[in-house]
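Encoded as structure tokens, the structure appears first; notes follow it.
This is a predicted model, so every value here is computed, not measured. Positions are given from 1 along the sequence.
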Amino acid sequence: MIQFAKCCPNIIRLIETFKNDSALCAQNLGVENVLSQFKSICGNEGVSVGEAVREQHGRDESMHKCRPPDAVVFPRCVEEVSALAKLCHIFNVPMIPFGTGTGLEGGVGALEGGVCFSLRNMDKIVDVHVEDMDVTVEPGVTRKMLNTYLRDTGLWFPVDPGADASLCGMAATSASGTNAVRYGTMRENVLNLEVVLADGTIIQTAGKGRRPRKTAAGYNLTNLFVGSEGTLGIITKTTLRLYGIPEAVVSAVCTFPSVQAAVDSTVQILQSGVPIARIEFLDDVMVDACNRYSSLSYPVKPTLFLEFHGSEDSLKEQVKVTEDITQTSGGSNFHWAQDAETRNHLWAARHNAWYAALALRPGCQAYSTDVCVPLSHLPQIIVETKEDLIKSNLTGPIAGHVGDGNFHCIMVVDPNDKDELNRLHSFTDRLARRALALDGTCTGEHGVGLGKMYLLPEELGCHTVHVMQSIKHTLDPKNLMNPGKVLLPFSRESQQG
Ligand SMILES: Cc1cc2nc3c(=O)[nH]c(=O)nc-3n(C[C@H](O)[C@H](O)[C@H](O)COP(=O)(O)OP(=O)(O)OC[C@H]3O[C@@H](n4cnc5c(N)ncnc54)[C@H](O)[C@@H]3O)c2cc1C
């Protein structure tokens with residue numbers, strides 16, 4: 001607060017004045033009336049109402065329509081975030097946190113206008129504790145920035161959603177990705193969060209400066225905010241677990257006669273206790289797309305990409321067990337790769353899946369939807385989904401984090417073809433409901449955002465959703481934090497069912 005008070009001497013007094021003026025508080029004065037106050041908090045260059053900047057912050061990587069905010073603010077420290085939030089709270093201005101905009105469910109759109117909090121200027125790596133293997137970062141730090149910084153320490157942060165997302169955005173969406181089968185998702189890797197609540201209060205979910213590997217102290221507020229998609233508060237710091245960079249890494253590709261055979265192998269590999277680091281599934285359409293895009297020649301069949309981390313000796317054992325299992329399931333065309341260059345070449349195909357899918361239909365747009373089911377149901381849902389794609393006359397290659405029962409359909413559609421868009425929406429709806437019918441979830445990692453709100457009561461049950469609405473109402477009674485996402489607002493009627 002001292003640092004903030006120095007740079008903005010008047011604003012604290014200003015906020016206190018507003019706080020005590022009930023007539024002012026009762027009015028919804030709109031964004032334009034608070035712009036000058038915003039500027040006195042984060043400087044002229046820290047506030048933008050330019051059309052291009054607002055457009056840039058009103059959309060993510062999904063096909064959801066751009067919904068620009070009325071203004072974008074670029075705070076430099078948590079005190080500025082808190083002061084801005086206090087003003088928004090007093091003047092009833094919606095607040096939408098923005099990381100890097102790589103989300104896939106329309107989470108950053110300003111449905112009710114308001115102010116986008118772009119957190120890119122808060123990009124400090126605050127603390128690295130090498131011996132404890134943890135790090136605390138601000139919200140402008142992306143996962144690639146962190147791993148580059150950590151390189152000389154022998155440590156790394158493994159959660160990898162493909163895109164170079166901000167780590168606090170990843171916490172906000174409970175992101176995961178290719179390494180989750182071994183290292184877990186953001187839920188397992190966040191130790192503490194600093195959050196600015198809707199009224200500007202700053203909290204640390206596990207206590208100030210605390211970073212124990214485990215805790216049994218009170219409610220798990222850290223995991224309440226992980227996956228809250230900006231609807232409960234603005235994450236201004238996250239403390240993360242780190243891991244030792246593995247001594248050796250081996251990657252492999254293997255093709256299978258059927259989806260069932262590929263998934264059977266996955267289950268057996270996991271059951272045999274092989275600590276596999278990545279096990280990724282690509283269907284025949286995705287392999288074909290990757291072959292064309294990356295000039296490769298993998299057989300156009302269901303395929304697993306695998307990666308093993310460990311010591312040289314342990315890798316030999318892991319690789320042997322895996323090879324035996326996959327061969328028993330009819331796996332063939334093994335390509336093993338140990339040196340970094342060959343491994344990178346091999347994984348480039350998987351990492352470029354999004355662009356490979358897009359290249360199948362030049363001029364079209366990609367829309368990725370994800371579901372997650374218990375592993376044993378994966379073959380059934382993938383087979384049924386592929387049949388549905390053919391019947392619906394849609395292009396949607398499938399890539400999946402198969403070790404977690406999680407997969408994506410990367411739908412490639414013509415945004416100007418209304419009939420195709422209707423078929424797309426019906427298809428994604430059926431896909432989500434298929435996952436629910438198989439004891440799964442409508443989203444394993446992309447989140448609910450805008451597109452999957454209506455599925456939440458079906459997945460969780462009305463009483464559970466009411467508990468969530470009550471929590472939201474307690475933390476954000478004015479419904480200012482990213483309104484219109486994840487949950488419908490709390491109401492007495494909905495509480496009574
Ligand atoms: C090619 C591609 C591949 C992808 N693959 C995966 C994948 O495999 N796994 C996966 O999990 N995701 C994947 N994603 C999705 C995306 O990268 C993740 O959802 C990521 O976590 C979003 O982070 P971000 O910083 O870009 O957040 P944004 O897009 O900026 O925001 C996403 C949501 O989080 C909120 N938010 C952002 N920052 C904060 C903050 N500091 N405090 C509070 N709320 C905040 C926003 O309001 C919004 O609701 C992929 C995306 C692309 C483009």
(message) Could you check whether any side-chain N or O of Asn223 sits under 3.5 Å from a backbone N or O of Val226, counting only pairs where one atom can act as donor and the other as acceptor?
(response) no
(request) Nearest 0.5 Å please: distance from the OH atom of Tyr293 over to the CG atom of Leu358. (result) 8.5 Å
(message) Could you work out, with salt bridge (charged side-chain N to carboxylate O under 4.0 Å, His left out) as the rule, every residue matching Glu384, not counting sequence neighbours?
(response) Arg434
(request) Please examine the side chains of Val72 and Gln56, heavy atoms only from C-beta on, and report whether any two atoms are closer than 4.5 Å. (result) no
(request) List for me each residue that meets side-chain hydrogen bond (donor to acceptor under 3.5 Å, both in side chains) alongside Asp429, sequence neighbours excluded, and say none if there are none. (result) Arg433, Tyr454
(message) Any side-chain to backbone donor/acceptor pair from Asp70 onto Gly113? Under 3.5 Å, distance only.
(response) no
(request) Could you pull out all residues at least two apart from Glu188 that satisfy side-chain hydrogen bond (donor to acceptor under 3.5 Å, both in side chains)? (result) Thr185
(message) If I compare all heavy atoms of Ala85 with all of Val196, which pair ends up nearest, and what's the gap?
(response) CB-CG1, 3.9 Å
(message) Quick one, Thr205 and Val195 - any side-chain contact, counting heavy atoms below 4.5 Å?
(response) yes
(request) For Arg120 and Gly140, indicate whether the former's side chain and the latter's backbone hold a donor-acceptor pair under 3.5 Å. (result) no
(message) Counting the benzene-type ring for Trp, do Phe281 and Phe407 have ring centres under 6.0 Å apart?
(response) no
(request) Decide side-chain contact (heavy atoms from CB on, under 4.5 Å) for Phe225 and Leu475; before the verdict, give the C-alpha distance in whole Å, the side-chain angles of both, and the deciding distance to 0.1 Å. (result) CA-CA 11 Å; Phe225 284 92; Leu475 292 176; 4.1 Å; yes
(request) Check side chain to side chain contact (heavy atoms under 4.5 Å, CB included) between Thr238 and all other residues, then give those that pass, not counting sequence neighbours. (result) Val137, Leu167, Cys168, Val190, Leu193, Leu240
(request) List in chain and number order the residues that pass salt bridge (charged side-chain N to carboxylate O under 4.0 Å, His left out) with Glu229, two or more places apart in sequence or in another chain; answer none if no residue qualifies. (result) none
(request) Please name the pair of heavy atoms, one in Ala171 and one in Ile235, separated by the smallest distance, quoted to 0.1 Å. (result) CB-CD1, 4.2 Å
(request) Could you tell me whether the side chain of Asn121 and the main chain of Pro75 form a donor-acceptor pair under 3.5 Å? (result) no
(message) According to side chain to side chain contact (heavy atoms under 4.5 Å, CB included), who are the partners of Asp419, at least two apart in sequence or on a separate chain?
(response) Asp417, Arg423
(request) Can you see which heavy atom on Lys485 is nearest to which on Gly109, and at what distance? (result) NZ-O, 2.6 Å
(message) Under a 3.5 Å distance rule, please check whether Lys452 uses its side chain to pair with a backbone N or O of Thr443 as donor and acceptor.
(response) no
(request) Measure the OG1-CG distance between Thr385 and Leu431 for me, rounded to the nearest 0.5 Å. (result) 5.0 Å
(request) Would you list the pairs meeting side-chain hydrogen bond (donor to acceptor under 3.5 Å, both in side chains) in which at least one residue belongs to residues 353-363, sequence neighbours left out? (result) Arg361-Glu420
(request) Could you tell me whether a side-chain N or O of Ser294 sits under 3.5 Å from a main-chain N or O of Asn291, the two making a donor and an acceptor? (result) no
(request) Locate the shortest heavy-atom distance separating Gly107 from Asn482; write the atom from each residue and the value. (result) O-ND2, 3.0 Å
(message) Tell me whether His129 at atom NE2 has more than 12 heavy atoms from other residues, nucleotides or ligands lying less than 6.0 Å away.
(response) yes
(message) For a side-chain contact (heavy atoms from CB on, under 4.5 Å) check, start with the C-alpha distance between Tyr149 and Val128, then their side-chain angles and the critical distance, and finish with the verdict.
(response) CA-CA 10 Å; Tyr149 181 88; Val128 184; 3.6 Å; yes
(message) For a quick check under 3.5 Å, do Arg211 and Thr136 share a side-chain donor-acceptor pair by atom type?
(response) no
(request) Without swapping roles, check the side chain of Ser82 against the backbone of Gly200 for a donor-acceptor pair under 3.5 Å. (result) yes
(message) Does anything in residues 399-411 form a side-chain hydrogen bond (donor to acceptor under 3.5 Å, both in side chains)? List the pairs, not counting sequence neighbours.
(response) Glu280-His401, Asp370-Asn406, His401-His408, His401-Glu445, His408-Glu445, His408-His446
(request) Mind running side-chain contact (heavy atoms from CB on, under 4.5 Å) on Asn44 and Val47 for me, showing each step along the way? (result) CA-CA 6 Å; Asn44 282 349; Val47 181; over 6 Å; no
(request) Can you measure from SG (Cys116) to CE (Met95) and round to the nearest 0.5 angstrom? (result) 12.5 Å
(request) Kindly compute the distance separating SG (Cys88) from CZ (Phe38), expressed to the nearest 0.5 Å. (result) 4.0 Å
(request) Indicate the atoms forming the closest heavy-atom contact of Cys442 with Leu455, along with that distance. (result) CB-CD1, 3.9 Å
(message) Going by side-chain hydrogen bond (donor to acceptor under 3.5 Å, both in side chains), name the residues that satisfy it together with Thr441, two or more places apart in sequence or in a different chain.
(response) Glu459
(request) Would you tell me whether His89 and Asp199 have side-chain atoms, one donor and one acceptor, within less than 3.5 Å of each other? (result) no
(message) Applying ring-ring contact (aromatic ring centres under 6.0 Å, His included) as the test, list every pair that has at least one member in residues 48-81; sequence neighbours left out.
(response) His57-Phe74, His57-Phe98
(message) Nearest 0.5 angstrom please: Met453 CE to Leu450 CG, how far?
(response) 7.5 Å
(request) Supply the atom-to-atom distance Leu155 CG to Leu146 CG, rounded to the nearest 0.5 angstrom. (result) 10.0 Å
(message) Any side-chain to backbone donor/acceptor pair from Thr236 onto Glu194? Under 3.5 Å, distance only.
(response) yes
(message) Which heavy atom of Leu389 sits nearest to which heavy atom of Gly396, and what is that distance?
(response) CD1-O, 3.2 Å
(message) Does Arg430, at its CZ atom, have more than 12 non-hydrogen atoms belonging to other residues, nucleotides or ligands within less than 6.0 Å?
(response) yes
(message) The test is side-chain hydrogen bond (donor to acceptor under 3.5 Å, both in side chains); show your working for Glu105 and Ser62 and say whether it passes.
(response) CA-CA 6 Å; Glu105 288 298 342; Ser62 70; over 6 Å; no
(message) Closer than 3.5 angstrom, by distance alone: can the side chain of Asn147 be matched with the main-chain N or O of Phe157 as a donor-acceptor pair?
(response) yes
(request) Could you list the residues that satisfy side-chain hydrogen bond (donor to acceptor under 3.5 Å, both in side chains) with Thr231, not counting sequence neighbours? (result) none
(message) Within the structure provided, determine whether Arg76 and Cys42 are in side-chain contact (heavy-atom separation under 4.5 Å).
(response) yes
(request) Going by the side-chain contact (heavy atoms from CB on, under 4.5 Å) test, name the single residue among Leu488, Val486, Thr464 that passes it with Leu456. (result) Val486
(request) Might you work through the side-chain contact (heavy atoms from CB on, under 4.5 Å) test for Leu119 and Ser166, ending with a clear yes or no? (result) CA-CA 9 Å; Leu119 300 155; Ser166 74; over 6 Å; no
(message) Parallel, tilted or perpendicular, judged at 30° and 60°: which one describes the rings of His466 and His463?
(response) perpendicular
(message) Determine whether a donor-acceptor pair (N or O, by modelled atom type, separation under 3.5 Å) exists between the side chain of Asn192 and the backbone of Gly207.
(response) yes
(request) Say whether Glu61 and Thr102, considering side chains only, have a donor N or O and an acceptor N or O under 3.5 Å apart. (result) no
(request) Determine which pairs satisfy salt bridge (Lys or Arg N to Asp or Glu O under 4.0 Å) with at least one residue from residues 159-174, sequence neighbours left out, and list them in order. (result) Arg143-Asp160, Asp160-Arg278
